[in-house]
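Single-structure report; data block below.
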There are 2 protein chains.
Amino acid sequence: MATLQKSIDKRNALIKATIELVNNNGFHATPMSKIAKMANVSPATIYLYFENKQDLVNKTYIDVKAQYTNYAFETYSSDMSVERGFEVIWKRIADFKLNASENAMFLAQCDNTPIIDEPILQEGIKHLQPLLDLWERGKKEGLIKNMSNYLLYAYAINPLSFLMMAQKRGAFQLDASQLEDAYQLAWSSIKNN
Amino acid sequence: MATLQKSIDKRNALIKATIELVNNNGFHATPMSKIAKMANVSPATIYLYFENKQDLVNKTYIDVKAQYTNYAFETYSSDMSVERGFEVIWKRIADFKLNASENAMFLAQCDNTPIIDEPILQEGIKHLQPLLDLWERGKKEGLIKNMSNYLLYAYAINPLSFLMMAQKRGAFQLDASQLEDAYQLAWSSIKNN
DNA sequence: ACAACAAAAATGAATGTTCATTCTTTTTTT
DNA sequence: AAAAAAAGAATGAACATTCATTTTTGTTGT
């Protein structure tokens, strides 16, 4: 028990260090030795928890992606109306991307580079299913435009990634009223009228 | 003349190889030796054209970004109406992202990772000025929502990057009618009504 | 038009470093 | 005291960059 606890702490520290170093320096400039140092661990110890560097970064991705989708759907339930359900999910996603931005940034990096093995990437997509189901329901009810889910995602959700990155770079700051603007843009882009 | 021509060819071959290898393998897994081989050149020759690896990738970014913005604004002129001007620019950008997708993918990777030096990244942004100017004009005329340009960009332009990546992954195919849908989503998200 | 040569461009092989991973030993836990 | 976990040092491969030569190009004098 105590021993397992300790192990999980160490694993988490390694994952946290990986995220931080990859965010700041890029995958190409984060050696195992630095990850170990930041996690207060010997390099050799990493190999007790992960097979190799690729496995470490894959597992980190899985971990962060799971946090993301858990957070996104935590307050949603499938008996909500389509409009209300979308609002709930959208705002949770916005919250995650803008506040847990270390995590969100790591995901953005993984989703735009070939550092994660393809099967792992596929795995991560599946967790978005509740949102896709909601959209299908919305289309049947005639509330949501009858378009490919990729298009809906591109316009309703993905802009948040761009805004998160811009904010991270310090280019601008998204305040509460702008966030409300953004939500209106998102909803009005996918809703039927 | 003939000699300069030859040099430019070699430089272009190096840049092309860099794009292709970074796209497929990531920056961390594209050694100078592979770039050289793909460009049919000795590794040492790269250093006649570029200071070092960082300089090579920076210059590649500048090069591709210039191609992108040149293409985007080629058919636009500032005496067009706001709506027409936006349509012209949007469609050129869509065309570039979906057809010159090797180039677009490289930019997406650079924009979401710390592989490019920050000052170089800043430089690249400036070229979008004509679009920002158009938006300012549109706001004054009351045609475009009075929101931060970052928000407008996030909803009107950035979704194309996501769609390009999805298409690159083979996840789905954007046909002509969907592209028209996408344009409608983009315009309706930023226009006043 | 062309030989001879200087300058520039290009090369393949070396250099030295960095890094992922493994090995052996030590420390901690049971 | 045995087993498990962790550590630091060692290993060997990969890599960016440089070096010493060779090849190509351009120029000059005939």
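Just so you know, these numbers use all the heavy atoms, side chains as well, and skip hydrogens, waters and symmetry mates. So that the names make sense, note that chain A is the first sequence line, chain B the second, and so on, each numbered from 1.
- Figure legend: B:K59 and B:Y49 shown without cation-pi pairing, the cationic atom not lying both under 6.0 angstrom from the six-membered ring centre and within 45 degrees of its axis.
- If you take NZ of B:K10 and C1' of D:dT25, they are 12 Å apart, rounded to a whole angstrom.
- With salt bridges taken as basic N to acidic carboxylate O contacts below 4.0 Å, one links B:K91 and B:E180.
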Write down the protein N/O and nucleotide N/O pairs, taken from nucleotides 13-17 of chain D, whose separation is under 3.5 Å; answer none if there are no such pairs.
from: D:dA16; atom 1: OP1; to: B:K53; atom 2: NZ; distance (Å): 2.9
from: D:dA16; atom 1: OP2; to: B:M32; atom 2: N; distance (Å): 2.7
from: D:dT17; atom 1: OP2; to: B:Y47; atom 2: OH; distance (Å): 2.7
from: D:dT17; atom 1: OP2; to: B:K53; atom 2: N; distance (Å): 2.9
from: D:dT17; atom 1: O5'; to: B:Y47; atom 2: OH; distance (Å): 3.3

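- Note: CD1 (A:I46) to P (D:dA6) measures 12 Å, nearest angstrom.
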Check: Stepwise, does the side-chain contact (heavy atoms from CB on, under 4.5 Å) test hold for B:E83 with B:W187?
Finding: CA-CA 8 Å; B:E83 181 161 3; B:W187 173 243; 3.5 Å; yes
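- Considering only residues two or more places apart in sequence or on other chains, A:N112 meets the side chain to side chain donor-acceptor pair (under 3.5 Å) condition with none of them.
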Could you go over nucleotides 10-12 of chain D and give all protein N or O partners under 3.5 Å, atom names and distances?
none

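- In terms of hydrophobic clustering, with Ile, Leu, Val, Met, Phe, Trp and Tyr side chains grouped at heavy-atom distances under 4.5 Å, A:M165 and B:L132 are assigned to a common cluster.
- In this structure, NZ of A:K34 is placed 11 Å from P of C:dT18, rounded to the nearest angstrom.
- For residues 19-48 of chain B, the set of pairs meeting the side chain to side chain donor-acceptor pair (under 3.5 Å) definition, not counting sequence neighbours, comprises B:N23-B:E102.
- In this structure, B:I8 atom CD1 and C:dA9 atom C1' are separated by 15 Å, rounded to whole Å.
- When the P atom of C:dA20 is taken as reference, atom NZ of A:K37 falls 13 Å away, rounded to whole Å.
- When rounded to the nearest whole Å, the span between CZ of A:F50 and C1' of D:dA6 equals 15 Å.
- Checked against C:dA10, D:dA7, C:dG12, the side chain of A:V41 finds its nearest nucleotide in D:dA7.
- Between the axis at the start and the axis at the end of the helix from C:dA1-D:dT30 to C:dT30-D:dA1 there is an angle of 20°, using five pairs per end and rounding to 10 degrees.
- Contact annotation: A:T45 reaches the phosphate of D:dA7 (side-chain N/O to OP1 or OP2, under 4.0 Å).
- Separation of the B:Y155 and A:Y155 ring centroids does not fall under the 6.0 Å cut-off.
- The two residues A:K97 and A:S161 have their closest heavy-atom pair at NZ-OG, 2.6 Å.
- Whole-Å rounding puts the B:R11 CZ to C:dA10 P distance at 14 Å.
- Listed by chain and number, the residues in a side chain to side chain donor-acceptor pair (under 3.5 Å) with A:Q173 amount to none (sequence neighbours excluded).
- Geometrically, A:R92 engages A:Y71 in a cation-pi contact, judged by NZ or CZ lying under 6.0 Å from the ring centre and within 45° of the ring axis.
- By the 4.5 Å heavy-atom criterion applied to side chains, A:T18 and A:T60 are counted as neighbours.
- Atoms OH (A:Y49) and C1' (D:dA5) sit 7 Å apart, rounded to a whole Å.
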